[in-house]
Amino acid sequence: MNVALSEQFLDDVTGLPSGLEHKCLDLLSSLRKLDAREFQQKAPSGWRLHKLRSSPFASLSLDMNYRILCKIDGDTVL
């Protein structure tokens, strides 16, 4: 799967506590090894993927306090 990141996202990741920053980067790296269908059916261990109602976005929870909004477009997660 292709992963497209915005500059704002990268700035936000570096502002996370160091443990969460490392976890986020590791999990993003694991996304590249998946295909889009596999990701949508079962997110990698550590991700909690929730589709949002009435929205093209999905929510990826890093922990109980931090989550990422993403959009899955074909074989790319934005």
Side-chain angles (χ1 to χ4, degrees):
M1 176 181 308
N2 298 314
V3 178
L5 305 174
S6 68
E7 288 183 36
Q8 181 62 49
F9 177 81
L10 294 173
D11 287 343
D12 291 343
V13 167
T14 59
L16 290 171
S18 62
L20 281 178
E21 178 184 356
H22 183 69
K23 178 182 179 182
C24 183
L25 294 174
D26 284 348
L27 291 171
L28 287 172
S29 176
S30 72
L31 286 179
R32 291 189 173 99
K33 299 171 188 169
L34 298 175
D35 70 15
R37 181 174 294 170
E38 182 182 1
F39 175 65
Q40 290 178 22
Q41 292 174 356
K42 184 180 179 204
S45 178
W47 289 109
R48 290 184 302 279
L49 176 65
H50 305 280
K51 292 184 181 182
L52 301 178
R53 294 182 191 157
S54 304
S55 173
F57 293 95
S59 171
L60 296 163
S61 299
L62 288 176
D63 71 2
M64 297 304 289
N65 297 310
Y66 295 95
R67 63 186 186 152
I68 299 167
L69 294 179
C70 70
K71 184 175 179 183
I72 301 168
D73 185 13
D75 196 33
T76 302
V77 63
L78 306 164

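Quick note: residue numbers are just sequence positions, from 1.
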- Task: Examine L69 and L27 and state if one hydrophobic cluster contains both, with Ile, Leu, Val, Met, Phe, Trp and Tyr joined whenever side-chain heavy atoms are less than 4.5 Å apart.
- Result: no
Members sharing M64's hydrophobic cluster, built from side-chain contacts under 4.5 Å between Ile, Leu, Val, Met, Phe, Trp and Tyr, are none
For P56 and K71, the nearest pair of non-hydrogen atoms, with its separation, is O-CG, 3.7 Å
T76 meets the side-chain contact (heavy atoms from CB on, under 4.5 Å) criterion, sequence neighbours left out, with N2, A4, L78
- Query: With a 4.5 Å heavy-atom cut-off, do L5 and V13 have their side chains touching?
  - Reply: no
Give the C-alpha distance, both sets of side-chain angles, the deciding distance and a yes or no for side-chain contact (heavy atoms from CB on, under 4.5 Å) between C24 and F9.
CA-CA 11 Å; C24 183; F9 177 81; 4.0 Å; yes
ILVMFWY cluster, F57 and L62 together (side-chain gap under 4.5 Å) | no
Applying side-chain hydrogen bond (donor to acceptor under 3.5 Å, both in side chains) to E7 and not counting sequence neighbours gives none
In terms of heavy-atom contacts, D63 and Y66 come closest through OD1-N, 2.9 Å
Minimal heavy-atom distance between V3 and L28, with the atoms involved, is CG2-O, 4.2 Å
